[in-house]
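Order of the sequence lines sets the chain letters (A, B, ...), proteins ahead of strands, with each chain counted from 1.
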Amino acid sequence: MDSKTDKLLTLENIAVGHSERLLFSNVSIEFKIGEWVAIVGPNGSGKSTFLKTLAGTLNPRTGRRTAHFTSAGYVPQRFIVSAASSLTVKEFLELKPSTLDYKSGTISNELIQEMGIGDFLDRPLRILSGGQTQRVLLTFACLGNPRILFLDEALEGIDLTAKGQIIAFLQRERESRKLTIIEVTHDLAGVTTHAERVILVSEGVLFDGSPHDENFHDCIHSIYGKKIRLECAPEFLR
Amino acid sequence: MNSEYFQLFAIPIFAVLVMAGLCGLLGPFVLLKRLAFLTDTIAHACIFGIALGISLQIAPYWTLLPFAAFLGWILSRASRHSGEGLSNLTAVAFSLFLGLGTLILSYRGIAGQEMVHILFGDVLWIRSRDLLLLLFAVLIIVPFFVFKFKAVTLALVSRDLALTSGIHVDKLNDLFLVLVAVVLALCTKIVGVLLVSSLVVLPAFLASSFSHSFRQQLLLSISIAIGGSLVGLALSFSKDLPIGPSISSVLGTALLIANFAQVISKKIRSLT
């Protein structure tokens, strides 16, 4: 596959931010098929706003976004369900249109098992714990075999065993059908284990490259003000 | 049944039950978007639409329904473009249009009993034209929610999830708010502000306590709205009480009793 058709998402000279505050400007960046990209940076650096711009839920202030895909999965950082709604997990998952995982009107058992949500499919969303809600959102994102996933701290709050299982599932999806994953995370150790590319943002894109690059470690040091051991993720997450 | 009796009682009772069903259907969707206050805002802001009609000396429907559609559309767009939450904007619209509407009515010399009539309505004033408009609203609203159920529900749960799932969420949200505003305006003109808010919010809240799925909540909300209206009507006719407040009181009391019973049953379960 040549480099031209390899592109899945391209941003040209974009400015990102809200009306009160421009977070960064003049950014040009592209994402290729099958990449696992981690976006890291301190609080308030614009990671989530950047991800929303990539996902197309927020228009860039200036510049152009070109997406070469029609189906995407997205896990937002914040997801609040009305306490006065009885919408169940199953009903919520069934809301996703044209899901290829559907077999005779039901959701793929394989995906349900991979995400570990089988026990609470009939429960209302409003009573789920934070970790359970994240797993449901991940399932929703993966329904219909999207070509790209945008994950905003999607693995936060999920217990270690389930987290390892989900990462392994996403890795398999990536290898088998070239799924592209772009995630915002604070888990710097995790970045080195499963992401092949890392983008460090803080008032602009400070670094874009391999998480094993020495320059990345230097940038992290300059941003966070101290040395951080990046190779300390548990073995089963690698 | 003679025609006078039919005009005086049968049409109003049937209209209230149709309205109850319609409001009972809208309620769970409104709560899903966490916009319980929206019904109050639109119902109160409708006073401005009614005042416009009275000022221009035309039938209030001609100003009220376009105003309601405009209000729903502008609220939806303003919340999207300003980044301000819809609930904050509805609070602004509430004060602005209630104030303007009351000023216009006051300028036209409408106060006292007539204001009470606008605010609380009088079911016995419902005529066949009102009923026909309601049935027309049912013909538009029900297919909209049946055929667009998944897309509307997802758009109300999360704009971002709907957008990344390929749904034209902004147009759908605009349409949802316009339809809700027009239906609420129609109901407000017929039965007053108080009963409309009660019929949308209370049955949906009550249904959420007893339902195990959103579809159940929808069916239960419609049933509670119709059942509560029947009990309220019976109470009103037997004790010669105003109909709107009777229905609101029945639904409100049922909600309080249900919540109280749930708290007690939880306590008992935790003790045993």
Side-chain angles (χ1 to χ4, degrees), chain A residues 17-21 48-49 51-59 67 69-99 121-127 133 136-138 140-141 143-144 146-152, chain B residues 27-39 80-85 87 147-170 172 200-221 255 258-259:
Chain A
H18 303 286
S19 49
E20 317 89 63
R21 186 182 164 215
S48 295
T49 310
L51 190 78
K52 282 186 171 197
T53 310
L54 294 174
T57 66
L58 189 71
N59 290 327
F69 57 85
T70 49
S71 57
Y74 175 66
V75 176
Q77 186 183 28
R78 275 186 301 175
F79 180 77
I80 304 164
V81 180
S82 167
S85 171
S86 301
L87 190 73
T88 63
V89 172
K90 189 167 178 285
E91 283 179 317
F92 170 65
L93 296 175
E94 285 171 351
L95 295 179
K96 188 149 184 177
S98 62
T99 46
L121 273 178
D122 292 322
R123 280 188 215 163
L125 277 174
R126 66 182 178 205
I127 65 163
T133 304
V136 171
L137 289 173
L138 275 159
F140 186 90
L143 276 172
R147 291 189 69 197
I148 186 164
L149 287 182
F150 299 96
L151 311 178
D152 198 345
Chain B
F29 289 101
V30 169
L31 293 190
L32 192 62
K33 201 167 169 63
R34 290 172 286 142
L35 284 175
F37 191 57
L38 176 80
T39 51
R80 190 159 67 241
H81 293 296
S82 69
E84 195 59 65
S87 56
F147 292 114
K148 291 278 177 192
F149 176 78
K150 281 186 175 187
V152 171
T153 309
L154 185 56
L156 296 177
V157 170
S158 165
R159 176 184 178 272
D160 289 348
L161 290 185
L163 209 54
T164 47
S165 298
I167 292 168
H168 297 295
V169 65
D170 293 336
L172 206 58
V200 173
V201 174
L202 297 180
F205 261 122
L206 191 53
S208 76
S209 306
F210 296 99
S211 49
H212 300 290
S213 70
F214 187 62
R215 283 183 175 83
Q216 256 185 34
Q217 187 183 359
L218 279 169
L219 292 175
L220 208 52
S221 173
L255 182 64
N259 281 340

Is there a side-chain contact between B:Ser208 and B:Leu31, using heavy atoms and a 4.5 Å cut-off?
no
Best-contacting candidate, B:Asp160, B:Leu156, B:Leu163, against chain A by heavy atom pairs under 4.5 angstrom
B:Asp160
Tell me whether the count of non-hydrogen atoms from other residues, nucleotides or ligands lying under 6.0 Å of CG in B:Asn259 goes above 12.
yes
Interchain contact, B:Thr153 with chain A, by part (heavy-atom threshold 4.5 Å)
both
Heavy-atom side-chain proximity of B:Phe37 to B:Val30 below 4.5 angstrom:
no
Could you tell me which portion of B:Arg215 (side chain, backbone, both or neither) has an atom closer than 4.5 angstrom to a non-hydrogen atom of chain A?
both
Non-hydrogen atoms of chain B under 4.5 Å away: do they reach the side chain of A:Leu125, the backbone, both or neither?
neither
What part of B:Ile167 gets within 4.5 angstrom of chain A, counting heavy atoms only: side chain, backbone, both, or neither?
side chain
Part of A:Arg126 within contact of chain B (heavy atom distance under 4.5 Å):
side chain
Under the 3.5 angstrom rule, does the side chain of B:Arg159 hit a backbone N or O of A:Thr57 as a donor-acceptor pair?
yes
Per-residue tally against chain B (heavy atom, under 4.5 Å) across A:Ser82, A:Ser86, A:Ala84, A:Gly56 peaks at A:Ser86
Under a 4.5 Å heavy-atom cutoff, which of A:Phe79, A:Phe140, A:Phe150 has the most pairs with chain B?
A:Phe140
Quick check for you: among A:Val75, A:Val81, A:Thr88, which has the greatest number of heavy-atom pairs under 4.5 Å with chain B?
A:Thr88
Any non-hydrogen side-chain atom of A:Leu51 less than 4.5 Å from a side-chain atom of A:Leu151?
no
Presence of salt bridge, A:Asp152 and A:Lys52, under 4.0 angstrom
no
Can we say A:Glu94 and B:Lys150 salt-bridge, meaning some charged N sits less than 4.0 Å from an Asp/Glu carboxylate O?
no
